[in-house]
Amino acid sequence: TVTSNALIHGLCEAGNMLEAVRLLKVMLERGLQLDKITYNTLISGCCKEGKLEEGFKLREEMVKRGIVPDTFTYNLLIHGLCNKGKMDEAVMLWNECRRNGLVPNIYTYGVMIDGFCKADKIEEGKNLFNELLSQKIELNSVVYNTLIRAYSRNGNMAEAFRLHDDMRSKGIPPTCATYSSLINGVCGLGQVDDAKCFLDEMRKDGLLPNVVCYTALIGGYCKLGQMDKVGDILREMSSNGIQPNKITYTVIIDGYCKSGDMKEAAKFLDEMVEKGISPD
RNA sequence: UUCACAAGAUA
């Protein structure tokens, strides 16, 4: 069963749900004992493809087989609902989860907080976060990053920085995701040169700026129409061994197009294709 | 062996 579960997971990750379900049938035919992990893995695959109905059907099926859904199961389904912006239904599932005597974990909170934030209900997200603070659940970087991203997108950098200080003071390490959100927020205010300083701060924290951080900065310069600065960042990236990816190129090409320089845009498109990245 | 967070364009 463990081996088959791992295989199913691999197929789901590859987006090959049909094969994964086929494998499930094979397991049944061979009389292999299915477990929570088998079902959770499949439910995760369905939810990632946005096939929520399938996910809920699988949950029914597991119950029929006498396998009791656990917190993972709920987290997956709640996540699926959140991704569709169905926060009211997500809240109902959250309540059902507790009614069934299951204890929400850090993932449950993380998914819900992120769902609220992405549905433009930051205050609700923040309230859940405060509830989380009062629990005996250990906090981690992800929940902080979620809120930091939300406040940064809103241009509320004061609150974003406050959370950043707060996580540090609790010994929770900022990550690349923390910094890319902060960079993106400061860039959104047009302070791209200031945002660039975060690269050094990251290194002081023992983090190596990754392609996401650099791309956020490039995007900032593009929005300001400072296309000359884009080359600087690209050089800094390559001297640090970081390769631009498809999103980086998309940002640059879009920037040149919007600044009316189609020749440069075409150059970067060519460069991207030469590197084996297919445009979309 | 299964769950959450960061950067882009899109009529």
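Keep in mind that the numbers below use all heavy atoms, side chains included, and drop hydrogens, waters and symmetry copies. Lettering of chains follows the sequences in order, A, B, ..., and the numbering in each one begins at 1.
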Novice: Without decimals, in angstroms, what is the distance between A/H9 NE2 and B/U2 P?
Specialist: 6 Å
Novice: Which part of the nucleic acid, if any, lies within contact of A/K223, taking any heavy atom under 4.0 Å across all strands shown: a base, the sugar-phosphate backbone alone, or nothing?
Specialist: nothing
Novice: Which part of the nucleic acid, if any, lies within reach of A/I106 when heavy atoms closer than 4.0 Å are counted: base, sugar-phosphate only, or nothing?
Specialist: base
Novice: What nucleotide, of B/C5, B/A6, B/A7, holds the atom closest to the side chain of A/R153?
Specialist: B/A7
Novice: Let me know the distance between CZ of A/R59 and C1' of B/C3, rounded to the nearest Å.
Specialist: 15 Å
Novice: Please pick, from B/A7, B/U1, B/G8, the nucleotide with the shortest atom-to-atom distance to any side-chain atom of A/N245.
Specialist: B/A7
Novice: Nearest whole angstrom, please: distance from the P of B/A4 to the CG of A/L81.
Specialist: 15 Å
Novice: Specify the separation, in whole Å, of atom OH of A/Y107 and atom P of B/C3.
Specialist: 7 Å
Novice: Check A/R22 with A/E19, please: is the shortest side-chain N to carboxylate O separation under 4.0 Å?
Specialist: yes
Novice: Is the distance from OP1 or OP2 of B/A7 to the nearest side-chain N or O of A/R149 less than 4.0 Å?
Specialist: yes
Novice: Out of B/A9, B/A7, B/C5, which has the shortest distance to the side chain of A/T215?
Specialist: B/A7
Novice: How long is the line joining CG of A/N210 and C1' of B/C5, in whole Å?
Specialist: 13 Å
Novice: Which part of the nucleic acid, if any, lies within reach of A/A177 when heavy atoms closer than 4.0 Å are counted: base, sugar-phosphate only, or nothing?
Specialist: base
Novice: Can you confirm whether A/K246 is buried at NZ, in the sense that more than 12 heavy atoms of other residues, nucleotides or ligands lie under 6.0 Å from that atom?
Specialist: yes
Novice: Quick one: A/L58 CG to B/U2 C1', roughly how many Å, whole number?
Specialist: 13 Å
Novice: Under 4.0 Å, heavy atoms only, any strand: does A/S180 hit a base, just the sugar-phosphate, or nothing?
Specialist: base
Novice: Is it the case that B/A4 (base atoms only) and A/N140 (side chain only) share a donor and an acceptor within less than 3.5 Å, ignoring hydrogens and angles?
Specialist: yes
Novice: Round to a whole Å and report the spacing from CG of A/L32 to C1' of B/U1.
Specialist: 13 Å
Novice: Distance-only, no hydrogens or angles: does the A/N240 side chain make a donor-acceptor pair with backbone N or O of A/E236 under 3.5 Å?
Specialist: yes
Novice: Mind checking A/V212 for me? I need base, sugar-phosphate or nothing, with any heavy atom below 4.0 Å counting as a touch.
Specialist: base
Novice: Between A/E89 and A/K84, is there a side-chain N and carboxylate O pair less than 4.0 Å apart?
Specialist: no
Novice: Rounded to whole angstroms, how far apart are CG on A/L147 and P on B/A6?
Specialist: 12 Å
Novice: Give the nucleotide from the list B/U2, B/U1, B/A4 with an atom nearest to the side chain of A/H79.
Specialist: B/A4
Novice: Taking the ring centre of each residue, are A/F161 and A/Y151 less than 6.0 Å apart?
Specialist: no
